[in-house]
Peer 1: 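Please read through the structure below; I'll follow up with questions.
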Amino acid sequence: MPAMAPARRAGITLFLLAFAQFIVTVDYNIVYVALPDIGQSLGFTAQSLQWVVSAHAVSFGGLLLFSGRASTASERAGSSSSD
């Protein structure tokens with residue numbers, strides 16, 4: 001596979017980062033829009049709803065950390081093989 005030009009590769013990287021940030025923003029908006037229904041169906045108070053947001057943030061952050069770690073580990077495993 002031919003190597004890409006540095007400017008094109010930077011553009012693709014910037015697009016992927018912007019798209020990832022957009023997905024995170026949409027995800028949090030979905031949680032905030034669903035909060036009233038979550039609170040009503042589960043009988044949560046306003047203070048309890050803050051725990052829902054916090055639990056979502058912590059679990060999402062944990063998944064990001066795990067994904068980054070798994071990506072780095074697989075990248076290291078793939079780069080150690082000699083061609």
Side-chain angles (χ1 to χ4, degrees):
M1 187 166 149
M4 293 172 44
R8 179 164 170 82
R9 188 172 185 171
I12 290 173
T13 303
L14 181 62
F15 171 76
L16 288 175
L17 287 172
F19 183 71
Q21 184 62 42
F22 173 73
I23 294 298
V24 169
T25 303
V26 169
D27 182 47
Y28 276 101
N29 281 326
I30 289 170
V31 170
Y32 281 117
V33 168
L35 275 178
D37 290 335
I38 292 170
Q40 186 178 15
S41 65
L42 297 176
F44 286 173
T45 63
Q47 292 82 14
S48 297
L49 287 176
Q50 181 58 43
W51 284 100
V52 172
V53 175
S54 297
H56 178 264
V58 167
S59 62
F60 186 73
L63 283 173
L64 282 176
L65 287 171
F66 175 74
S67 299
R69 179 74 176 167
S71 173
T72 302
S74 69
E75 200 173 276
R76 285 184 186 161
S79 66
S80 66
S81 63
S82 60
D83 292 336

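Since we're looking at a predicted model, the values are computed, not measured.
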Peer 1: Show every donor-acceptor pair shorter than 3.5 Å between a side-chain atom in residues 12-21 and any protein atom, with sequence neighbours excluded, or say none if there are none.
Peer 2:
from  : atom 1 : to   : atom 2 : distance (Å)
Thr13 : OG1    : Arg9 : O      : 2.8

Peer 1: Would you please name every residue forming a side-chain contact (heavy atoms from CB on, under 4.5 Å) with Val26, sequence neighbours left out?
Peer 2: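 With neighbours one apart ignored, the set is Phe22, Ile30.
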Peer 1: Holding to side-chain contact (heavy atoms from CB on, under 4.5 Å), I want the full list of residues that pass it with Ser59, two or more places apart in sequence or in another chain.
Peer 2: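 So Ser59 forms no side-chain contact (heavy atoms from CB on, under 4.5 Å) with any residue.
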Peer 1: OH/Tyr28 to CZ/Phe60 distance, rounded to the nearest 0.5 angstrom?
Peer 2: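 Reported value, rounded in 0.5 Å steps: 6.0 Å.
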Peer 1: Which pairs, with at least one residue in residues 60-72 and sequence neighbours excluded, count as a side chain to side chain donor-acceptor pair (under 3.5 Å)?
Peer 2: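 Qualifying pairs: none.
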Peer 1: Does Asn29 use its side chain to pair, donor to acceptor, with the backbone of Thr25 at less than 3.5 Å?
Peer 2: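 Looks like yes, one N/O pair under 3.5 Å.
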Peer 1: Does Leu35 have any side-chain contact (heavy atoms from CB on, under 4.5 Å) partners at least two apart in sequence or in another chain, and if so, which?
Peer 2: Tyr32, Leu49, Val52, Val53
Peer 1: Ser41: what forms a side-chain contact (heavy atoms from CB on, under 4.5 Å) with it, not counting sequence neighbours?
Peer 2: none
